[in-house]
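These notes concern the structure reproduced below.
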Amino acid sequence: MKRRALYVAGAALLLAFAGFAFTSFQETLTPYVSFDQARSLDHNLQVAGGLVKKSSSYGDGALSFTLREPATGRTLRVRYRGVKPANFEEAISVVAIGRYQKGEAVLEADKLLVKCPSKYQGVSEAEMRKYS
């Protein structure tokens, strides 16, 4: 009888751990979404777009800039609090990871991934567009 109770307790513990791991994993996912979807969601997400030239400003530890969605031409304002990436002004594409702040109409980015043209030297312009 005691052995059976141990098996049941062990199985319950394993199920609880598996459930916890599954929910924790789902909470850390940050899907790529369109700019319109970003404006309607209230959790962490990723958006990718081309950097609108001369739209960036850096001051008080915050980098603000505008991204343009390649497919639709829509724009999204992004604010990133942190050190400005060294190659930011040369970026052809930027991925912003964060949460959209509806009251401020800005994506508050926790992380930035900057794609520079130097990475694509020797690649034709048509091929480069695939990456932006």
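Since the structure is predicted, the reported quantities are computational estimates derived from the model, not experimental observations. Numbers here are sequence positions counted from 1.
- Side-chain contact between V47 and L76 is present, with heavy atoms from C-beta onward closer than 4.5 Å.
- Neither V106 nor V33 shares a network with the other; the hydrophobic side chains, linked directly or stepwise wherever heavy atoms of I, L, V, M, F, W or Y lie under 4.5 Å apart, form separate groups for each.
- With contacts defined as side-chain heavy-atom distances shorter than 4.5 Å, the pair K53/E89 does not qualify.
- Interatomic distance, R79 CZ to E104 CD, rounded to the nearest 0.5 Å: 4.5 Å.
- The two residues P70 and G49 have their closest heavy-atom pair at CD-CA, 4.2 Å.
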Mind running salt bridge (Lys or Arg N to Asp or Glu O under 4.0 Å) on R81 and E108 for me, showing each step along the way?
-> CA-CA 8 Å; R81 296 187 190 280; E108 193 72 42; 3.3 Å; yes
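- Considering only heavy atoms from C-beta on, R74 comes within 4.5 Å of D36 through its side chain.
- The distance from atom CG of L51 to atom OG of S93, rounded to the nearest 0.5 Å, is 9.5 Å.
- In this structure, R77 and S57 approach most closely via the heavy-atom pair NH2-OG, 4.3 Å.
- None of V78, L67, T66 except one satisfies the side chain to side chain contact (heavy atoms under 4.5 Å, CB included) rule with S55; the exception is T66.
- Clustering of Ile, Leu, Val, Met, Phe, Trp and Tyr by side-chain heavy atoms under 4.5 Å joins V95 with Y32, I97, L113.
- At least one donor-acceptor pair closer than 3.5 Å links the side chain of Q37 to the backbone N or O of S34.
- Closest heavy-atom contact between P85 and L63: CD-CD2, 4.1 Å.
- T75 and R68 share no donor-acceptor pair across their side chains, judged by distance under 3.5 Å alone.
- What you find for V83 and Y58 is that their closest heavy atoms are CA-OH, 3.9 Å.
- Considering all non-hydrogen atoms of both residues, K102 and S40 come closest at NZ-O, 3.6 Å.
- Annotation: ring-ring contact (aromatic ring centres under 6.0 Å, His included) contacts of F88 (sequence neighbours excluded): F65.
- For R99 (side chain) and D42 (main-chain N/O), a donor-acceptor pair under 3.5 Å exists by modelled atom type.
- For the atom pair CG of L107 and OH of Y80, the computed distance is 12.5 Å after rounding to the nearest 0.5 Å.
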